[in-house]
Amino acid sequence: GVEGKITSHTTSVSSLLPSPSCSPSTSKASIRKSTLEVIHKHGPCSTLFQDPNPLNHTKVLLRDESRVKWIQSQSSNSSDGLKASAAVSLPAKSGMTIGIGNYVVTIGLGTPKKDLTLEFDTGSPLTWTQCEPCNRSCYTQSEPMFNPSQSSSYSNISCTSTSCSQLGGRGSGCSGSTCQYSIRYGDQSSSMGLFVTDKLMITPTEVIDKFEFGCGKNNQGLFGRTAGLIGLSNDKISIVEQTAAKYGKYFSYCLPSSPSYTGHLTFGKDGGAVSSVSFTPLSTVPRRSQFYGISILGIAVGGNRLSIPSTVFSSGGAIIDSGTVITRLPPTAYSALRTAFRNAMASYTMAPALNILDTCYDFSKESTITVPVITFSFAGRVDVDLDPNGIFFVAKASQVCLAFAPNRADSN
Amino acid sequence: LGIYGNTQQKTFEVVYDVAGRKLGFGSNGCS
């Protein structure tokens, strides 16, 4: 351990549990001109909150596992079962990518603008929304569907354009002379339609003319009540690349501590990030180039560095993903983390496992708890002490689980 | 392949400097 370093959090159990009402954090969204408010899709701050399907924690974890399997399956030597489709450069999507554990932002599209709430995802390249008329199948979304015929700034993209060719394996030919896209996710959820342009309003003062996106005419799967998805991955067709001249391929976000609060998604450096940001190198992951690769070097629990050989982390590599809920670790690393965490939490009553989460506690009789600080060390001498809300997956007060899970093998 | 998920990212300012090939973490990013 490091002398003088804080090694535990003492926090109220109630702060880990979601509140039934929304307490928006307005500061960031109001002072930065290129900032969107981030909302948990199924929390009280969301207009999608009236979803007829109640939040099911087991379903969240099952779908999270589906997304992870899809990510892992893109490796040619993977044995995780889900095979990459012919469109190998598709985003890391199972239906869960667009599932319950994710966050949404509301943007404006078209002239006059229509507000659309989209899931944001650093693992996806393509932004798409459902469009009228829906030729075959569209799911029910909360907001009125985007109708190109009512937008004066809408245009189709030609089949022969460079933009269309950048779809690569996500292109699906032509409809007349108009470029078409097709995405099929790992769980067979899909979106197909026209690849088009229109005016995108990030905020009233931040407008992107001729933003390229998918106008979905046939959308099936587990998309909830969102209007679609905003792709933030490292790809030619993502919003990051399309706005490179304006924002310099620079964006940031904050995910709130609970669904009862709001965060932000900001494009560009305008307004400044929080005062002290520590940077670790981004890397490209072989065969998964759309993802943002990072290097995990070690983990500490309660200020004590776990004894994990460095090769455990380096052999498989790692990515950061806004669409995966639970952090996946090499089994050797997970085992060391679990042992140290359980030892530090030995005074608390354990609870039954919850799907992939095997270290759960019953805090229903506690008002406050003391939790060891978990620290991730990344390349570049970056140490990140997790927030208490970043340590647990809370099903209920009587079942609060360590929010980590192992991969199948250290090499995976 | 390890995956650093969104639960662990809560409350941090997560900065993607894609052009500069670096990723940043800042504490108390939502407040």
Side-chain angles (χ1 to χ4, degrees), chain A residues 25 27-28 68 71-72 75 101-103 122 234 240 244 248-257 261 263-264 273-282 285 288 292 294 296 313 316-330 376 382 384-387 389-390 393 403 407 412, chain B:
Chain A
S25 168
S27 56
K28 283 274 179 1
V68 169
I71 293 172
Q72 305 287 18
S75 168
N102 295 324
Y103 297 88
T122 60
N234 188 21
V240 178
K249 297 175 73 171
Y250 189 105
F251 68 96
S252 61
Y253 58 73
C254 180
L255 307 179
S257 60
Y261 299 100
H264 67 90
V274 292
S275 55
S276 60
V277 175
S278 301
F279 285 95
T280 184
L282 277 173
V285 183
R288 307 176 184 92
Y292 294 107
I294 53 175
I296 300 172
F313 291 112
I319 63 167
I320 184 168
D321 182 27
S322 72
T324 298
V325 179
I326 302 296
T327 287
R328 302 314 202 274
L329 294 171
F376 270 70
V382 174
V384 173
D385 291 346
L386 301 186
D387 185 271
N389 289 281
F393 181 88
N407 281 326
N412 184 272
Chain B
L1 183 74
I3 304 173
Y4 195 74
N6 65 35
T7 298
Q8 282 65 37
Q9 298 172 40
K10 285 179 181 177
T11 74
F12 284 91
E13 178 94 359
V14 185
V15 180
Y16 292 72
D17 184 351
V18 182
R21 301 302 301 159
K22 57 186 183 179
L23 177 87
F25 292 97
S27 57
N28 298 316
C30 295
S31 59

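We name chains A, B, ... by the order of the sequence lines, and we start the count at 1 in each one.
For Tyr253(A) and Tyr103(A), the ring centers are positioned 6.0 Å apart or more.
If you tally non-hydrogen atom pairs under 4.5 Å between each of Leu329(A), Val384(A), Val382(A) and chain B, the highest count goes to Val384(A). With chain B as the partner, the residue from Gly248(A), Ser278(A), Ala244(A) showing the most heavy-atom pairs under 4.5 Å is Ser278(A).
Heavy atoms of Ile319(A) lying under 4.5 Å from chain B belong to its backbone as well as its side chain. Within the 4.5 angstrom heavy-atom criterion, only side-chain atoms of Asn234(A), from C-beta onward, approach chain B. With a 4.5 angstrom heavy-atom cutoff, Phe313(A) does not touch chain B via any of its atoms.
Between Asn6(B) and Val325(A) the shortest heavy-atom distance is OD1-CA, 3.4 Å.
Applying the side chain to side chain contact (heavy atoms under 4.5 Å, CB included) test to Ala19(B) and every residue at least two apart in sequence or in another chain returns Lys249(A), Asp17(B). Annotation: ring pair (Phe, Tyr, Trp, His ring centres under 6.0 Å) contacts of Phe251(A) (sequence neighbours excluded): Tyr16(B).
Surrounding OH of Tyr261(A) are at most 12 heavy atoms belonging to other residues, nucleotides or ligands under 6.0 Å away.
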